[in-house]
Number of protein chains: 2
Amino acid sequence: METTIPSETVFLPVQGGRASEDIALKLEAAILDGRLTPGERLPSEREMQVQFGTGRGVVREAIQVLKQKGLLEVRKGAKGGAYVRRLEVANVSESLALFLKQRPVEKEQLIEFRESMDQTITLLAIARATPAEKTRLLEEAERFAGLLRKPEPDLALAGEVDRQLNIMLARMARSPLFEWVMQALQLGLSSHDYALYENPLYRERAALNWRDTALSIADNEPLRALSYIGRHYGLLRQCVVETQDLPAEPEAPLFTDVDLPS
Amino acid sequence: METTIPSETVFLPVQGGRASEDIALKLEAAILDGRLTPGERLPSEREMQVQFGTGRGVVREAIQVLKQKGLLEVRKGAKGGAYVRRLEVANVSESLALFLKQRPVEKEQLIEFRESMDQTITLLAIARATPAEKTRLLEEAERFAGLLRKPEPDLALAGEVDRQLNIMLARMARSPLFEWVMQALQLGLSSHDYALYENPLYRERAALNWRDTALSIADNEPLRALSYIGRHYGLLRQCVVETQDLPAEPEAPLFTDVDLPS
DNA sequence: TGGCAGCTAATGGTCGTACCATTAATTGTA
DNA sequence: TACAATTAATGGTACGACCATTAGCTGCCA
């Protein structure tokens, strides 16, 4: 970056010289600095093959990588090709979820992280959100409590509402970074942590606690809100230690023929 | 694709039928549920080409995707091939960093977020890191201060050391999630906030402040540490308002020939 | 016997061509 | 005018060939 000539090669020796990586990096750089903008269409593979002076396979591999990163979307047929995409939080979540799948993190660490984020977000939300937003949050929390008070609550729906509550709160904090990280967590942990609501004992207490938190926020009472948040995660911790993980599903045969688009 | 056995296809219609995606999914599933474990070697491309009943290009594209996800590492030459890898926090951070790169955020919001993370991480590090780690951190901070005290400091090196300091601290917190976010910030924002060290006025103060922070951590003095962190970000804010963004670097020509491994 | 040079084979990386499948636009026809 | 058939552009796949790299083997030489 600073030495002009050797800059690119010094930066990334790319382990063994791979043309496809070079191309991927060039395209990625072009997308990130705006030379290629979302919605725009890249040249066709056959054109790029010529423009980069390589074989088509190399171009395809580069495109595959960027597609996997979420930077490109590939359509086939006439007017097909690689289109630049705007990244979504879901891409980050996917990556996080993958990581958590291969390296199960202690639940305690997840809880700890979320609790910390929640505390900060709540303080920011109290300071910055409009009264209307606060009222809306309270309404949703009441609705949530209502859902879980039923004898046979729809747990999937409840989980979704809980997620929405968290995201709404994050948005009220007026900080995109907190919002994004929170969303990524919510999406990436969908399977993980809603054990709290499966247990009827904790269920109602947790729901009421959410409502009280929302109430404290609406009343601009930060300390009270933090207290309720602490109680929420206390419940969650208590619930988690009582719950054990179940073993995984049976294994499928690997290396069988792929279904071809016949 | 969907006519024979509905089971797999119901899960993921995979937009338009792509053999390479099928293979990638199968391999990924095998890795995630333990049929393939880290360090293990997959069959060679030519073997898989036969076992999956497809062309070699398809197999290569699947491998590329998994490699990009961080699940595989490819070595060439004899005894080469695709080896299963353990995911690292850096992989997730990379994804988040990429996302952040595509979405410009206000500097103040970045600072705010980092400050909040730093506070929490510091408290955790004080509580959990070993004395040896704390000593090491202090040594690095001293080295950092030494670097910036020179009349003509190497700013690139200083930035790198600063980055390492932050990551070291995050690791000391014993929380992969905090490590994740912190690394992502370091990766995605490297160019952003090292303006602090370009200004000789702030430079030395910031460096000394880092050292004092490390000292407080080594002494297990959380409140003092938080105080220094507050001062650090105070300096950063002050510095940022005085600095204006420079226009971007000149654009490089896209679609030029790739350097081939001649 | 020991060590080093050179050979060998396995394997990923690249190229090129050919063909198929899909899709939007065009053209032709009722 | 509406609908059907054709066309052309484009991604998806297959196959075969060759190069570059690398670990291990072979064998010569000191």
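Note on naming: letters A, B, ... go to the chains in the order of the sequence lines (proteins, then strands), and numbering restarts at 1 for each one.
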Undergrad: Just the rounded figure in Å: distance from C1' of D:dG12 to NZ of A:K67.
TA: 10 Å

Undergrad: Please state whether the phosphate of C:dA21, meaning OP1 or OP2, lies under 4.0 angstrom from any side-chain nitrogen or oxygen of A:K76.
TA: no

Undergrad: Can you tell me how far P of D:dA14 sits from CE of B:M48, to the nearest Å?
TA: 14 Å

Undergrad: Between D:dG12, C:dT14, D:dT13, which nucleotide gets closest to the side-chain atoms of A:A19?
TA: C:dT14

Undergrad: Closest approach to the side chain of A:A78, judged atom by atom: which nucleotide of C:dG13, D:dG11, C:dA24 is it?
TA: C:dA24

Undergrad: So, are B:E133 and B:R136 salt-bridged, with charged N and O less than 4.0 Å apart?
TA: no

Undergrad: Rounded to the nearest angstrom, tell me the gap between atom CZ in B:R46 and atom P in C:dA9.
TA: 15 Å

Undergrad: Return the nearest nucleotide to the side chain of B:S44; candidates are D:dG11, C:dT11, C:dG13.
TA: C:dT11

Undergrad: CZ/B:R56 to CZ/B:R46 distance, rounded to the nearest 0.5 angstrom?
TA: 4.0 Å

Undergrad: Starting from P on D:dA17, measure out to CD on B:Q49 and report it in whole angstrom.
TA: 13 Å

Undergrad: Is B:E28 paired with B:K69 through a side-chain N to carboxylate O contact shorter than 4.0 Å?
TA: yes

Undergrad: To the nearest Å, give me how far apart CD1 (B:I23) and C1' (D:dT13) are.
TA: 11 Å

Undergrad: Would you kindly give the CG-to-P distance between A:D22 and C:dG13, to the nearest whole Å?
TA: 13 Å

Undergrad: Sequence neighbours excluded and cut-off under 3.5 Å, please list the side-chain donor-acceptor pairs for residues 87-101 of chain B, or say none.
TA:
{"from": "B:N91", "atom 1": "OD1", "to": "B:E88", "atom 2": "N", "distance (Å)": "3.0"}
{"from": "B:S93", "atom 1": "OG", "to": "B:V89", "atom 2": "O", "distance (Å)": "3.1"}
{"from": "B:S93", "atom 1": "OG", "to": "B:W180", "atom 2": "O", "distance (Å)": "2.8"}

Undergrad: Using the side-chain heavy atoms of A:T54, tell me which of these nucleotides is nearest: C:dG12, D:dT13, C:dC15.
TA: C:dC15

Undergrad: CZ of A:F52 versus P of C:dG16: gap in Å, rounded?
TA: 16 Å

Undergrad: Just checking B:R171: does its CZ atom have more than 12 heavy atoms from other residues, nucleotides or ligands closer to it than 6.0 angstrom?
TA: no

Undergrad: Tell me: OH of B:Y83 to P of C:dG12, nearest whole Å?
TA: 9 Å

Undergrad: So, does A:R75 get its side chain near the phosphate of C:dA24, meaning an N or O under 4.0 Å from OP1 or OP2?
TA: no

Undergrad: Just compare D:dT10, C:dA24, D:dA23 and give me whichever is closest to any side-chain atom of B:K79.
TA: D:dA23

Undergrad: Quick one about B:Q68 and B:Q64 (side-chain donor to acceptor, distance below 3.5 Å, no hydrogens or angles considered), yes or no?
TA: no

Undergrad: Please step through side-chain contact (heavy atoms from CB on, under 4.5 Å) for the pair B:E112 and A:L177, ending with a clear verdict.
TA: CA-CA 9 Å; B:E112 170 184 295; A:L177 287 165; over 6 Å; no

Undergrad: Under the 3.5 angstrom rule, does the side chain of B:Q109 hit a backbone N or O of A:R174 as a donor-acceptor pair?
TA: yes

Undergrad: Per the end-axis method with five pairs at each terminus, what is the bend angle of the helix from C:dT1-D:dA30 to C:dA30-D:dT1, to 10°?
TA: 0°

Undergrad: What parts of residues 55-65 of chain A reach DNA chain D, counting only heavy atoms under 4.0 Å away?
TA: A:R56, A:R60

Undergrad: Does B:G55 offer a backbone N or O that forms a donor-acceptor pair with the side chain of B:R60 under 3.5 Å?
TA: no

Undergrad: Answer with yes or no whether the side chains of B:Q49 and B:E45 bring together a donor and an acceptor at under 3.5 Å.
TA: no

